[in-house]
Student: 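Structure provided below as structure tokens; questions to follow.
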Amino acid sequence: MIIIHAELQINSAKEEGFLKEVTTLIEAARNEEGNISYTLTKDVEKENTYKMIEAYKDMPSVEAHNQSAHFQAFVGKAPEYLTAPLEVKVYDATEIKK
């Protein structure tokens, strides 16, 4: 399983537009083959900061998501809402044994 944490710092004046755009992305991503979960959380310690927490079956599923029309559309609009570069961390939980 591949887990991705993407931190987004949002312009507070454009938060409503961001939430509309990201909701469209979340709904589409959750329907992708290989997606396990796709959740947006709001940080209560950092102002105007959200974290997207994504889980995928494998790396090909991540790559398919990154090439999808809905993800590319969001990436094209994201600079309008962001106040800092996206901070992305990718974790490979494939080798974790129970």
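These numbers come from the heavy atoms of this one structure, side chains and all, not from hydrogens, waters or symmetry mates. All of these numbers come straight from a predicted model, not from anything done at the bench.
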Student: Is it true that Glu87 and Lys51 have a side-chain N and a carboxylate O under 4.0 angstrom from each other?
Tutor: no
Student: Which atom pair, heavy atoms only, marks the closest approach of Ala93 to Ile3?
Tutor: CB-CD1, 4.2 Å
Student: Tell me whether Val88 is reachable from Tyr91 by hopping between hydrophobic residues (I, L, V, M, F, W, Y) whose side-chain heavy atoms are closer than 4.5 Å.
Tutor: no
Student: Once rounded to the nearest 0.5 Å, what's the spacing between atom CG of Leu19 and atom CD1 of Ile10?
Tutor: 8.0 Å
Student: Go through Glu21 and Glu16 one step at a time and tell me if the side chain to side chain contact (heavy atoms under 4.5 Å, CB included) criterion holds.
Tutor: CA-CA 9 Å; Glu21 291 295 334; Glu16 188 177 324; over 6 Å; no
Student: Below 30° counts as parallel, above 60° as perpendicular, anything between as tilted: where do the rings of Tyr50 and Phe18 land?
Tutor: tilted
Student: If you round to the nearest 0.5 Å, how far is CG of Asn35 from OG of Ser68?
Tutor: 10.5 Å
Student: Test of understanding: clusters of I, L, V, M, F, W, Y form through side-chain heavy atoms closer than 4.5 Å, transitively. Do Tyr38 and Leu86 belong to the same one?
Tutor: yes
Student: Are the side chains of Thr41 and Ile53 in touch, meaning some heavy atoms are under 4.5 Å apart?
Tutor: yes
Student: Are Val22 and Met52 packed together at the side-chain level, in the sense that at least one heavy-atom pair is separated by less than 4.5 angstrom?
Tutor: yes
Student: List for me each residue that meets side chain to side chain donor-acceptor pair (under 3.5 Å) alongside Tyr81, sequence neighbours excluded, and say none if there are none.
Tutor: none
Student: Between the side chains of Glu7 and Lys46, is the shortest nitrogen-to-carboxylate-oxygen separation below 4.0 Å, so that they form an ion pair?
Tutor: yes
Student: Counting neighbours of CD on Gln72 that are heavy atoms of other residues, nucleotides or ligands and sit closer than 6.0 Å, is the number greater than 12?
Tutor: yes
Student: Nearest 0.5 Å, please: how far is CD in Glu47 from OG1 in Thr83?
Tutor: 11.0 Å
Student: Are the side chains of Ile26 and Leu40 in contact, using a 4.5 Å heavy-atom criterion?
Tutor: yes
Student: Scan Glu63, Met59, His65, Lys57 and name whichever one has a side-chain contact (heavy atoms from CB on, under 4.5 Å) with Ser61.
Tutor: Lys57
Student: Locate the shortest heavy-atom distance separating Asn48 from Ser12; write the atom from each residue and the value.
Tutor: OD1-CB, 3.3 Å
Student: Identify the heavy atoms of Asn11 and Ala13 that sit nearest to each other, and give their distance.
Tutor: OD1-N, 2.9 Å
Student: Between His5 and Glu54, do the side chains contain an N or O donor and an N or O acceptor separated by less than 3.5 Å?
Tutor: no
Student: About how many Å separate NZ of Lys77 and CG of Leu82, when rounded to the nearest 0.5 Å?
Tutor: 14.0 Å
Student: With a 4.5 Å limit on heavy-atom distance, are the side chains of Tyr56 and Ile36 in contact?
Tutor: no
